[in-house]
Amino acid sequence: MSEIEKKLTTNFGYLFEEELISEIKELGVPKSFKEDTTIIEVGDYIKSMPLLVSGAIKILREDEHGEELVLYYLEKGDTCAMTLSCCMGQTKSKIRAVAETNVELIMLPKEKMADWLGKYKTWQSYILQTYHHRLDELLEALDTIAFLKMDERLFKYLKDKAMVTHNDLLHVTHKQISEDLHTSRVVVSRLLKKLENERKIQLFRNSIKVLEL
DNA sequence: ACATTAAGTGATT
DNA sequence: AATCACTTAATGT
């Protein structure tokens, strides 16, 4: 049994019945992406659906000028709700997915999606749960942008990032953060300095340590 | 030694 | 919170 198959069993074994797991093993194509590589670009047509086996994926909204904004992260056991709607309809992706860490995926042929919905109860509830979960995350992202001030947004961003990477030391520059939050580098630098004075983080060149988790 | 990139800061809108 | 203009510090060639 391959490494990825083992991980599949550990991460999804309790979710799916054995039959479904073995179908996934048979039909799924393992794929991996290195940190910081783009997995899905805005406008891509989706031909298969990914199951996230390990690592974390950052989901971004992007406007026509390439200006971006982080929406939420996917972690192991998750799948992409955007892909689901793209697989069902024949629409293009409206989001960008970038590997936050090294990532292992299993790509499932989209033709099977509808089949499995009828065939496997566990699959059905997994898909519904995914939609539910994503809708929640999206609302949370909306609240963050609408109601939180920039300094709170920034601190939340850092905490989320530390959470999905399982590491309180973040390798990121002020410029990258400003792009993810869709603001300017100067603002990020100033607010980070403020957070450091409040003993919530520690600043280094090219990295930030989150103290209050 | 020089160029480039990251980060800090005052002033203005 | 954004932008400009400038400085300082670290890093690469």
Side-chain angles (χ1 to χ4, degrees), chain A residues 31-44 50 52 54-76 78 80-82 85 92-105 132-213:
Chain A
K31 263 199 164 183
S32 61
F33 292 88
K34 287 209 196 87
E35 189 174 339
D36 285 332
T37 52
T38 300
I39 299 170
I40 295 170
E41 192 55 81
V42 176
D44 280 3
L52 187 47
S54 76
I57 299 175
K58 180 165 69 178
I59 305 295
L60 307 131
R61 190 83 233 260
E62 197 176 69
D63 73 10
E64 63 271 26
H65 309 298
E67 302 278 359
E68 46 191 39
L69 179 66
V70 172
L71 294 180
Y72 51 78
Y73 292 95
L74 298 179
E75 294 175 83
K76 74 164 186 282
D78 288 341
C80 180
M82 192 69 223
S85 57
K92 292 187 236 177
S93 175
K94 291 176 177 134
I95 50 91
R96 205 150 87 85
V98 178
E100 177 73 25
T101 63
N102 289 341
V103 158
E104 285 175 299
L105 298 171
H132 179 75
H133 193 175
R134 276 325 125 202
L135 189 61
D136 276 355
E137 296 245 43
L138 215 50
L139 283 177
E140 197 190 315
L142 182 65
D143 285 348
T144 303
I145 295 159
F147 304 130
L148 259 49
K149 291 195 199 123
M150 201 61 219
D151 55 344
E152 293 170 298
R153 261 183 79 193
L154 176 61
F155 190 47
K156 184 180 186 306
Y157 168 86
L158 296 173
K159 281 192 287 186
D160 284 351
K161 203 177 177 76
M163 210 86 87
V164 297
T165 54
H166 305 291
N167 192 171
D168 57 3
L169 191 62
L170 310 172
H171 292 277
V172 68
T173 66
H174 299 185
K175 178 141 195 305
Q176 289 168 259
I177 298 174
S178 71
E179 283 163 5
D180 279 355
L181 295 180
H182 200 204
T183 178
S184 69
R185 192 229 94 214
V186 196
V187 171
V188 169
S189 290
R190 285 207 168 102
L191 294 174
L192 283 173
K193 199 77 201 164
K194 205 180 102 191
L195 289 173
E196 187 179 40
N197 289 334
E198 291 167 5
R199 316 270 160 204
K200 291 179 176 170
I201 59 172
Q202 257 182 63
L203 297 176
F204 308 93
R205 189 186 171 87
N206 287 314
S207 56
I208 298 169
K209 184 165 188 174
V210 184
L211 299 175
E212 274 183 32
L213 289 171

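Everything numeric in this text was worked out from a predicted model, so none of it was measured.
- With salt bridges taken as basic N to acidic carboxylate O contacts below 4.0 Å, one links Glu137(A) and Arg134(A).
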For a quick check, with a 4.0 angstrom heavy-atom cut-off, what is the B/S/- contact string for nucleotides 8-13 of chain B, read 5' to 3'? BBBB--

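- Nucleotide dT4(B) holds its P atom 16 Å from the NZ atom of Lys175(A), rounded to whole Å.
- In this structure, Arg205(A) atom CZ and dA7(B) atom P are separated by 6 Å, rounded to whole Å.
- Summarising the geometry of Lys159(A) relative to Glu212(A), their closest heavy-atom pair is CD-O, 3.7 Å, with the distance given to 0.1 Å.
- In this structure, Lys58(A) does not pair ionically with Glu68(A), as no charged nitrogen and carboxylate oxygen lie closer than 4.0 Å.
- Between the side chain of Ser207(A) and the backbone N or O of Phe204(A) there is no donor-acceptor pair closer than 3.5 Å.
- Leu148(A) places its CG atom 10 Å from the P atom of dA1(C), with the value rounded to the nearest Å.
- Side-chain contact between Val70(A) and Asp160(A) is absent, with no heavy-atom pair separated by less than 4.5 Å.
- In this structure, the CZ atom of Phe204(A) is 18 Å from the P atom of dA9(C), given to the nearest Å.
- At dA1(C), none of the side-chain N or O atoms of Ser184(A) fall inside 4.0 Å of OP1 or OP2 (strictly under the cut-off).
- Summarising the geometry of Thr101(A) relative to Ala56(A), their closest heavy-atom pair is OG1-N, 3.0 Å, with the distance given to 0.1 Å.
- Residues from residues 150-158 of chain A with heavy atoms under 4.0 angstrom of DNA chain B: there are none.
- The side chain of Thr183(A) approaches dA2(C) more closely than any other nucleotide in the set dA2(C), dT5(B), dA1(C).
- Between Arg199(A) and Leu211(A), the shortest heavy-atom contact is O-CD1, 3.6 Å.
- If you check the side chains of Tyr157(A) and Asp180(A), you find a donor sitting under 3.5 Å from an acceptor.
- Across the interface with DNA chain C, nearest-nucleotide mapping of Asn206(A) and Lys149(A) shows Lys149(A) to be the residue nearer the 5′ end.
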